[in-house]
Structure formats: C-alpha cells, structure tokens
Amino acid sequence: MRTSTFVVTPNVAVVKYWGKRDNQLNLPDNGSISVTMDETVRTITSVEFNPNLVRDSLILNGKPAKENELVRAVKVLDAIRKKAGIKNKACVISENNFPTAAGLASSASGFAALACAGAEAAGLEATERELSIFARLGSGSACRSVLGGFVEWKKGSRKDGLDSYAVQLASSSHWPELRNIITIVDPGRKRIGSAEGMEITTRTSKLYMKRVKENPKLLSAMRRAIRRRDLENFLMLTMCESSRMHAVMMDSFPPIIYLNDVSREIIESVLGFNTSKGMSCAGYTFDAGPNAHVYTISKYEKEVRTLLSEINGVEKIIISKPGEGPRRLPDDKSLI
Ligand code: DP6
C-alpha cells in the first residue's frame with residue numbers, strides 16, 4: 001500500500017468559469033485563465049488505497065466530509081482507479097491552512113491535491129493533462145490548480161471532456177512581482193454554491209450567451225497582457241471580467257448576489273486609488289462570495305494593503321504571490 005501526500009494551492013481566475021455544458025463532467029461553456037497562488041494559502045492531502053476498506057473515506061480539516069463532498073471525491077477516485085486498473089477503496093485526509101468557508105476556492109486546491117496524491121498513490125505516472133482532467137471531475141476550477149503560474153483552462157468541445165483541461169501559459173517566475181491581496185469580508189449569510197448558481201444562470205440569464213460569445217476575444221487579450229506583463233491591461237481586463245460575471249449572476253432568476261456593501265466599498269476604494277495614481281495600479285476580482293482578490297505589483301503592495309485594511313468590514317488580509325504549483329511531500333509528512 002502506497003501513501004502519497006501533496007501540497008497544492010488555490011488559483012484565482014482573471015477570466016472566469018461560470019456555466020457548464022455538462023454538469024456531470026464539469027465541462028465549461030467558456031475558457032478561463034487564472035493565477036495559481038503560492039503556499040501562503042494551501043491544502044495538504046494524503047491518499048492511500050487500501051484493500052481492507054469497504055468504502056472511500058474523506059476527512060476534511062479533522063472531520064468526516066459531508067456527503068456531497070464525498071460524492072465529488074469518489075468521482076475523482078473512480079477515474080483514477082479506472083485508469084490504474086485497481087479496485088481498492090481509498091482513505092483521504094485533507095487539511096487547509098485557510099478557513100474552508102472563507103470562499104477562497106478551497107475546492108480548487110482540494111480536488112487538485114486529491115488528483116495529484118490519488119494518481120501517485122494508485123501507482124499512475126499521470127501526465128499534467130490527465131491530472132487536470134481528474135481534478136476537473138471534482139470541481140471545474142480545480143483543473144487549473146494542478147499547474148503553477150499563469151494557467152488557461154481550454155474548454156474543449158468533445159462530449160467525453162478529454163480535450164477540456166488546463167495548460168500553463170507562463171511559470172510563476174514570469175511575473176514574480178505580481179501580488180494577490182486577498183481581502184476577506186464577512187459573508188453575512190450563507191452563499192449559494194457555484195454548481196447551483198451556474199445552473200440557474202445558464203437556464204435563466206439572457207445575457208449569459210453574450211458573455212460566452214465574447215470569451216475568445218477576452219482570452220486572447222488576457223494572454224497578451226500576461227505575456228507582456230502589461231499591468232494596466234491585465235488589471236482593466238480583470239476588473240471588467242469580474243463585473244461581467246457578476247452581471248450575468250444578477251441577470252439570473254432568482255438573481256444571484258454574492259457582493260455585499262463591503263465588496264462595493266472595496267471596488268470604490270481601488271478605483272479611487274487608481275484615479276489618484278493616474279493609472280490602474282490595482283484591480284479587483286470577486287468569485288462566488290464577497291471576498292476580494294486585489295491584484296497589484298510589489299511596488300504598490302503596502303499602499304494597497306493599508307487602503308484595504310482601513311475599510312470597515314474587512315476582517316483579514318492575506319498576500320500571495322504567483323505559486324509554482326503542486327509539490328510532493330516526503331512520506332514522513334503524510335497525514336495518514
Ligand atoms: C466563480 O469550480 O467551484 O470561482 O465546477 O461546480 O465545482 P464546480 O464550480 P467551481 O466554480 C468556481 C467558479 C468561480 C470562477 C472561477 O474560478 O473561474
């Protein structure tokens with residue numbers, strides 16, 4: 001029996017995934033681009049396939065996972081077992097160093113870690129593409145966390161999803177000055193999950209298809225901004241794309257509203273900062289929650305941090321650089 005342990009970090013999208021063409025396989029309607037974070041925020045996951053187990057078990061932050069989380073993990077494990085030609089059930093232990101409920105894409109790092117550790121524990125020499133596909137089955141955005149640096153998820157067009165996986169656009173050393181100032185805000189009430197939210201949007205939003213049609217142009221503009229380390233364009237595209245995703249959420253019925261008053265304060269504050277500098281030096285993006293990810297570069301890090309920490313309702317600030325992607329840990333670090 002082989003145990004494998006990986007440390008994997010979340011990614012934060014600048015071109016967003018919101019809407020599936022296949023709910024079972026987590027196949028998106030549009031491509032997306034993200035930056036994988038460094039280990040300031042991380043998940044550690046250990047996996048062991050064991051012939052003595054009668055069912056898969058998943059312990060998340062010291063507690064048995066909820067049924068829906070287990071179901072998603074089993075989808076990833078089943079794909080790994082099929083590829084490896086094994087039948088053994090698995091024991092999975094996973095820990096985050098950030099609050100799971102903080103809306104920090106813990107599912108992205110979690111399922112990417114499960115894919116990496118699971119594939120190795122099953123004895124597979126999986127390619128990055130295979131790992132990305134395994135991770136995607138757990139959570140769409142997880143397919144981007146199997147790679148470091150700047151990452152694009154190719155939406156693909158096949159029904160079986162074999163051409164829907166992530167590729168690296170540039171490594172973390174391409175733009176090491178980039179910072180994500182993760183600004184944690186009290187969510188207030190329980191948010192609606194991404195999968196359910198996407199289903200409501202694709203079914204009811206009239207603006208949704210317009211957003212999907214615009215996506216190829218946005219992807220090429222974003223690739224270009226990243227390639228040239230063009231901060232102003234990178235930030236402008238990021239802010240506009242975040243607003244556009246939240247616009248189709250709002251255009252859904254019932255409307256899906258993740259941003260709150262504090263999020264709006266953050267937007268005003270960043271825009272004010274940019275006006276005072278005479279150019280875009282910081283840019284926000286929001287996922288399925290009120291927390292902001294404010295991208296900037298090291299030069300402005302202190303000023304932006306101070307600005308954000310002065311906003312009433314901001315609970316915590318974590319600063320992350322682009323990260324290198326999954327890292328295997330030695331056996332003595334196993335959680336099992
Ligand atoms: C808003 O990957 O959590 O963060 O595939 O249903 O698990 P599922 O959804 P998930 O969606 C995250 C969407 C987003 C934008 C993004 O990360 O691209």
Side-chain angles (χ1 to χ4, degrees), residues 8-37 41 43 65-66 68-76 96 100-115 132-147 150-156 161 164-166 180 182 187 191-203 205 208 211-212 215 218-219 222 237-238 241-250 252 256-259 263 284-293 295:
V8 178
T9 59
N11 68 78
V12 176
V14 288
V15 177
K16 309 281 196 188
Y17 153 52
W18 193 259
K20 308 181 193 194
R21 64 174 199 277
D22 185 314
N23 293 330
Q24 208 40 39
L25 298 174
N26 291 331
L27 300 177
D29 272 330
N30 63 266
S32 53
I33 294 180
S34 60
V35 186
T36 298
M37 298 296 114
V41 280
T43 300
K66 292 191 212 102
N68 65 331
E69 289 160 340
L70 182 65
V71 167
R72 298 209 276 165
V74 170
K75 265 166 76 177
V76 177
N96 297 325
T100 304
L104 283 183
S106 60
S107 69
S109 50
F111 287 108
L114 176 62
S132 183
I133 291 175
F134 290 147
R136 192 199 71 223
L137 296 171
S139 187
S141 57
C143 81
R144 299 184 305 238
S145 268
V146 303
L147 295 156
F150 300 81
V151 177
E152 177 171 350
W153 176 5
K154 304 279 181 195
K155 75 179 185 74
S164 183
Y165 55 86
N180 174 4
I182 306 168
R191 66 195 183 96
I192 172 168
S194 305
E196 189 186 348
M198 287 187 209
E199 192 280 319
I200 298 173
T201 298
T202 49
R203 187 162 42 79
S205 167
Y208 175 70
R211 177 179 140 76
V212 170
N215 175 254
L218 176 60
L219 288 173
M222 187 60 87
L237 294 168
T238 298
E241 162 64 354
S242 171
S243 301
R244 213 163 289 132
M245 179 181 75
H246 287 275
V248 299
M249 290 165 166
M250 183 64 142
S252 308
I256 304 159
I257 305 171
Y258 289 119
L259 306 186
S263 319
Y284 47 78
T285 183
F286 297 85
D287 286 328
N291 300 316
H293 295 271
Y295 281 108

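Computed from a prediction, not measured in an experiment: that's the story for all the values here. Each ligand, and each atom within it, is numbered from 1 in the order the structure gives.
At distances below 3.5 Å, at least one donor-acceptor pair connects side-chain atoms of Arg136 with backbone N or O atoms of Ser164. The closest donor-acceptor contact from the side chain of Ser242 to the backbone of Thr238 lies at 3.5 Å or more, if one exists at all.
Atoms of ligand 1 lying under 4.0 Å from any heavy atom of Ala195, numbered from 1 in the order shown and given with element: 6 (O). Of all the atoms in ligand 1, the ones that sit under 4.0 Å from a non-hydrogen atom of Met198 are 9 (O), 11 (O), 13 (C). Of all atoms in ligand 1, numbered sequentially from 1 with element shown, those under 4.0 Å from a heavy atom of Ser107 are 3 (O). Counting the atoms of ligand 1 from 1 in the order shown, those under 4.0 Å from a heavy atom of Ala13 are 16 (C), 17 (O), 18 (O). Ligand 1 places these atoms under 4.0 Å from at least one heavy atom of Ser139: 2 (O), 3 (O), 5 (O), 7 (O), 8 (P), 10 (P). Residue Trp18 has at least one heavy-atom neighbour below 4.0 Å for each of these atoms of ligand 1: 1 (C). Here is the list of ligand 1 atoms found below 4.0 Å of a heavy atom in Lys20: 5 (O), 6 (O), 8 (P). Numbered from 1 in the order shown, with element, the atoms of ligand 1 that lie under 4.0 Å from a heavy atom of Asn26 read 5 (O).
The shortest N/O to N/O separation between Tyr17 and ligand 1 falls below 3.5 Å. Close N/O approach between Val15 and ligand 1 is not found [any backbone or side-chain N/O within under 3.5 Å].
Aromatic rings from Trp153 and Tyr165 are positioned such that their centres are separated by 6.0 Å or more.
Residues in residues 13-28 take part in these salt bridge (Lys or Arg N to Asp or Glu O under 4.0 Å) pairs, two or more places apart or across chains: Lys16-Asp287.
Residue contacts with ligand 1, taken as heavy atom pairs separated by less than 4.0 Å, involve Arg144 solely via side-chain atoms from C-beta onward.
Counted by atom type alone, Arg144 and Thr36 present zero donor-acceptor pairs between their side chains at under 3.5 Å.
Look at Arg136 and you'll find every heavy atom at least 4.0 Å from all atoms of ligand 1. For Ser32, the closest heavy-atom approach to ligand 1 does not fall below 4.0 Å.
Every residue two or more places apart in sequence or in another chain that forms a side chain to side chain contact (heavy atoms under 4.5 Å, CB included) with Ser139 is listed here: Arg72, Ser107, Phe111, Ser141, Ala142.
Nearest heavy-atom pair across Tyr208 and Thr201 is CD1-CG2, 3.8 Å. The nearest pair of heavy atoms linking Gly197 to Ile256 is O-CD1, 3.3 Å. In plain terms, the two heavy atoms of Ser132 and Ala166 that are nearest each other are OG-N, 2.9 Å.
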